[in-house]
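Protein chains get the first letters and strands the later ones, always in sequence-line order, with residue 1 at the start of each.
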2 protein chains.
Amino acid sequence: MTTDEKYMTMALHEAHLAYEQGEIPVGCVIVADAGNQPSAISSQQSVVIGRGHNLTQMLHDVTAHAEMQAITAATETLGGKYLQGCTLYVTVEPCIMCAGAIGWAQISRLVYGASDPKRGYATFAPQALHPKCTVTSGVLADECQQLMQEFFLSKRK
Amino acid sequence: MTTDEKYMTMALHEAHLAYEQGEIPVGCVIVADAGNQPSAISSQQSVVIGRGHNLTQMLHDVTAHAEMQAITAATETLGGKYLQGCTLYVTVEPCIMCAGAIGWAQISRLVYGASDPKRGYATFAPQALHPKCTVTSGVLADECQQLMQEFFLSKRK
């Protein structure tokens with residue numbers, strides 16, 4: 001298992017928590033990379049500094065996407081609002097809103113699983129991320145996609 | 001004073017509160033329109049159901065823009081996550097993130113003051129809003145812009 005797969009598995013765990021609560025199953029973790037960490041972290045290893053899953057139903061709040069929860073948690077961990085040197089792992093391609101937040105937070109790397117051609121930022125706001133942010137897509141994409149499909153099929157029954 | 005100017009004046013009041021706290025001065029109010037209100041509201045008049053101002057510094061959180069605060073407050077007021085029949089007034093053109101949130105909330109009308117060519121959604125995510133959302137720009141634009149300029153000049157001293 002690669003490092004990206006390891007953290008995407010953690011994000012999938014968050015997505016499963018969402019599923020169990022009747023929420024659209026998207027999960028996210030934010031990792032402060034070893035050797036490239038914000039000053040508030042000084043570990044030799046990569047460290048998970050925030051995690052979250054979709055809570056829009058429970059909170060009655062469209063802004064409560066997995067990435068927004070994780071960004072707020074990570075900035076709380078660090079006590080600062082920028083997340084340079086951090087990688088955000090999310091099971092589904094971020095929407096416009098979340099990509100905007102990832103951009104404001106100056107996250108250095110985005111890794112996502114399944115693509116979202118209907119709502120994803122890559123189609124509708126391709127310049128949303130910080131110009132230096134690198135992107136890897138398709139990590140455990142089948143598992144991430146399958147969980148979404150199962151959820152929507154279960155809602156149609 | 002027109003109705004739009006009345007509510008933009010309230011949004012400007014929120015922006016002044018941000019200014020006084022050392023935050024970038026953007027303010028927002030959300031109004032449930034008379035005759036076109038969500039079911040949880042049944043007034044004959046328009047009603048302010050959420051307000052907010054930028055709190056990114058205080059909360060160490062890039063997601064704490066005025067519009068996000070106001071949307072969260074409005075959905076809390078209504079107990080539901082959609083804001084059809086509502087108008088969002090904000091002193092500065094929303095960014096990509098906030099426009100995405102305005103879209104998810106299905107807000108029916110957006111009114112903003114000053115344009116933001118560097119960060120505004122109209123340039124970088126023109127499809128972010130709900131397809132039926134109507135937009136009015138330039139309401140009290142001079143006052144909204146001037147407050148921003150004063151803030152950034154004061155920071156350079």
Side-chain angles (χ1 to χ4, degrees), chain A residues 23-24 30 38 40 49-50 52 54-84 86 88 94-107 116 118-131, chain B residues 23-24 30 38 40 49-50 52 54-84 86 88 94-107 116 118-131:
Chain A
E23 303 276 357
I24 295 175
I30 297 177
I49 57 170
N54 188 29
L55 285 173
T56 53
Q57 291 295 115
M58 195 183 82
L59 298 180
H60 305 299
D61 188 346
V62 294
T63 72
H65 282 195
E67 300 95 315
M68 307 297 272
Q69 308 286 327
I71 289 170
T72 299
T75 53
E76 204 163 296
T77 302
L78 296 182
K81 65 179 181 165
Y82 297 117
L83 299 171
Q84 295 117 326
C86 294
L88 183 145
C95 72
I96 294 173
M97 172 181 75
C98 293
I102 291 166
W104 282 120
Q106 301 183 17
I107 283 172
D116 184 358
K118 285 190 186 163
R119 295 282 198 170
Y121 82 96
T123 306
F124 298 104
Q127 293 170 284
L129 307 179
H130 191 273
Chain B
E23 303 275 357
I24 295 175
I30 297 178
I49 57 169
N54 188 29
L55 285 173
T56 54
Q57 292 295 116
M58 195 182 80
L59 298 180
H60 306 299
D61 188 346
V62 294
T63 73
H65 283 195
E67 300 95 315
M68 308 297 272
Q69 309 287 326
I71 289 171
T72 300
T75 54
E76 203 163 297
T77 301
L78 297 182
K81 65 180 181 165
Y82 297 118
L83 300 171
Q84 295 118 325
C86 295
L88 184 145
C95 73
I96 294 173
M97 172 181 74
C98 292
I102 292 166
W104 282 119
Q106 301 184 18
I107 284 172
D116 183 359
K118 285 191 187 163
R119 295 282 197 169
Y121 83 96
T123 305
F124 299 104
Q127 293 170 282
L129 307 179
H130 190 273

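Nearest approach of B:A128 to A:I96, heavy atoms of both residues: CA-CD1, 3.7 Å. Shortest non-hydrogen contact noted between B:K81 and A:Q57 is NZ-OE1, 2.7 Å.
Taking CH2 of B:W104 as the reference point, atom CZ of A:R119 lies at 4.0 Å (rounded to 0.5 Å). Between atom CD of residue B:Q127 and atom OG1 of residue A:T123 there is a gap of 9.0 Å, rounded to the nearest 0.5 Å. A:T72 contributes atom OG1, which lies 12.5 Å from atom NE2 of B:H60 (distance to the nearest 0.5 angstrom).
By the neighbour-count criterion of 12 heavy atoms within 6.0 Å, atom CD of A:Q106 is densely surrounded, having more than that number from other residues, nucleotides or ligands.
Between the side chain of A:T75 and the backbone N or O of B:D61 there is no donor-acceptor pair closer than 3.5 Å. A distance-only check finds no donor-acceptor pair linking the side chain of A:T63 to the backbone of B:M68 [under 3.5 Å].
Chain B forms more heavy-atom pairs under 4.5 Å with one residue of A:C98, A:P126, A:A99, A:G80 than with any other, namely A:G80.
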